[in-house]
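Order of listing sets the numbers, starting from 1, for every ligand and every atom in it. Note: hydrogens, waters and symmetry copies are ignored here, and every other heavy atom, side chains too, is used.
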Amino acid sequence: MTVLHNNLQAETAAVSALDYLPVSQMRDLQLARLLATLRRAYERVRLYRERMAERKATPEELRGLEDLARFPFTVKNDLRDTYPYGLLASPLEEVVRLHASSGTTGKPIVVAYTQQDVDVWTDAMSRTLAACGVGRGDIVQNAYGYGLFTGGLGAHYGAEALGATVIPISGGNTDRQIMVMKDFRVTAICCTPSYFLHLLDRAAQLGVEVCELPLRVGVFGAEPWTDSLRRHIEAASRIQAYDIYGLTEITGPGVASECHLHQGLHVFEDHFYPEIIDPQSGEPLPEGQEGELVLTTLSKQAMPMLRYRTRDITAFLPGSCPCGRTLRRICRIGRRSDDMFIIRGVNVFPSQVESALLAVEGMLPHYQIILTREEGLDQMEVQVEVTPPLASDRVAALENLHNKLAHALHQTLGLRVKVRLVGPQTIKRSEGKAQRLIDRRNT
Ligand SMILES: [Zn+2]
């Protein structure tokens with residue numbers, strides 16, 4: 001028993017030690033792992049070998065981490081074009097797990113894991129949850145979807161490895177979620193922030209006060225969300241809301257996580273090497289400058305990813321985090337270049353709309369953006385749910401609110417858009433990733 005206990009302690013120490021590794025040691029570790037990854041990719045995956053040959057690059061030319069910039073990028077279409085197994089660097093007999101992400105168009109992308117890959121993922125996810133203050137003794141309601149989507153099993157394995165108690169409830173069936181949260185005395189929940197909002201809404205309808213439950217931590221990811229939404233969630237539920245980041249192509253959740261200070265997300269960079277590039281030129285950008293996040297896996301066997309372009313916009317935060325972790329931090333990702341739409345020549349991100357709405361007092365983050373084309377001109381309408389005021393001057397109060405929202409949107413977007421106030425529960429709630437944008441311009 002004592003031996004087992006000591007082993008467990010040693011394991012826990014080993015897991016967290018990498019979060020606090022001196023920077024020079026981390027760079028040495030990254031370089032060694034990067035070289036091994038490049039070699040593996042070059043020797044075993046045709047696409048990588050051909051791309052390197054085109055650029056006249058070989059793994060042996062990597063002398064320092066900065067040399068990575070000479071190697072080719074990988075993009076989402078590469079995963080589609082090689083569907084399902086074309087990027088495998090391990091024989092299928094060594095693959096113990098497959099996941100897939102449906103995406104919005106065409107074939108899904110498929111990712112494969114050896115047992116070691118699953119272990120790496122588990123390590124990254126347990127460090128993520130530990131950074132969110134989850135540990136042994138916590139009761140974790142895992143409301144991320146189980147299945148081909150990576151969210152459910154990723155959080156599940158990570159939480160179990162920490163010694164927490166996992167409730168594998170998966171997504172959906174909101175009333176049952178609320179019953180479980182209350183009856184099982186749940187202390188931490190993992191889901192998308194939009195689903196948590198829906199849970200809060202439904203709990204209120206059922207007369208359950210989430211503030212009075214033991215729930216204290218929310219581990220929220222799988223969609224971009226804003227700091228304004230965090231403040232709203234924290235005020236409404238009195239929990240600590242953490243932003244976590246990951247993507248199927250790289251491993252699933254577990255690539256980066258906030259710590260209790262909420263000053264950016266620490267990247268688990270012993271497994272995932274981050275670069276920030278200028279999306280146009282592809283050149284790496286210095287610390288503090290905003291650009292596209294590019295990730296290279298350092299520990300993966302079955303499907304190493306070289307310089308994968310995430311389409312997520314962020315920047316490295318300068319300086320070190322007072323929490324003591326030496327892992328580099330990126331700004332929370334509020335914007336995906338995929339989400340951006342152009343309306344009358346102006347670039348708009350759904351997260352800007354969210355920030356503008358939440359800046360108006362008393363507003364709830366239930367909204368939807370609808371794009372249409374009328375007589376050749378793009379129109380944008382923001383539908384926002386409001387609770388009708390009870391006062392006798394109801395019409396004036398609503399008009400006032402309408403004007404405030406229109407003004408806030410104009411200020412933030414630099415564009416005049418239509419605002420339509422709709423009644424409570426009008427906008428469809430999500431049980432996974434929220435659909436904020438409906439583009440009817442080409443239908
Ligand atoms: Zn920190």
Side-chain angles (χ1 to χ4, degrees), residues 11-27 29-30 65 120-138 140 154-155 158-159 161-164 187-190 193 216-222 224-231 233-234 239-247 250-276 286-291 293 295 298-299 310 312-334:
E11 244 176 63
T12 313
V15 162
S16 54
L18 282 161
D19 290 357
Y20 302 91
L21 200 66
V23 172
S24 62
Q25 285 180 41
M26 177 59 83
R27 299 293 170 260
L29 177 72
Q30 287 171 323
L65 289 164
V120 163
W121 186 17
T122 300
D123 173 57
M125 253 330 272
S126 66
R127 287 157 68 188
T128 293
L129 290 161
C132 299
V134 176
R136 204 181 171 85
D138 269 308
V140 180
L162 276 179
T187 57
I189 186 162
C190 304
R216 57 177 191 83
V217 172
V219 181
F220 300 132
W225 56 302
T226 58
D227 225 31
S228 329
L229 184 53
R230 178 218 303 288
R231 284 191 291 276
I233 286 177
E234 291 189 337
I239 65 166
Q240 283 258 342
Y242 290 84
D243 186 19
I244 66 166
Y245 174 75
L247 60 168
I250 297 301
T251 194
V255 173
S257 173
E258 285 186 335
C259 64
H260 67 283
L261 295 165
H262 305 287
Q263 294 167 6
L265 288 80
H266 290 282
V267 181
F268 296 100
E269 56 177 334
D270 47 311
H271 295 316
F272 316 107
Y273 185 78
E275 298 170 89
I276 304 233
E287 202 175 74
Q289 220 159 307
E290 198 174 68
L293 178 66
L295 292 164
L298 298 179
S299 318
T310 65
D312 291 320
I313 308 294
T314 184
F316 284 124
L317 276 171
S320 53
C321 185
C323 80
R325 283 178 181 78
T326 50
L327 303 169
R328 266 180 293 179
R329 289 170 300 161
I330 51 172
C331 298
R332 62 185 283 131
I333 291 157

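Counting only distance, with no hydrogens or angles, the side chain of Arg329 and the backbone of Gln263 share a donor-acceptor pair below 3.5 Å. Of the possible polar contacts, none joining the Arg332 side chain to the Leu265 backbone as a donor-acceptor pair under 3.5 Å is found. Under a 3.5 Å cut-off, the side chain of Thr310 and the backbone N or O of Leu293 do form a donor-acceptor pair.
Ion pairing between a basic and an acidic side chain is recognised when a charged N comes within 4.0 Å of a carboxylate O; Asp243 and Arg230 show no such pairing.
Near-neighbour remark for the Zn ion (ligand 1): protein N, O or S atoms under 2.8 Å are Cys259 SG, His266 NE2, Cys321 SG, Cys323 SG; waters not counted.
Tyr20 and Arg325 get closest at one heavy-atom pair: CE2-N, 3.6 Å.
Below 30°, between 30° and 60°, or above 60°: for Phe220 and Trp225 the angle between ring planes is above 60°, a perpendicular geometry.
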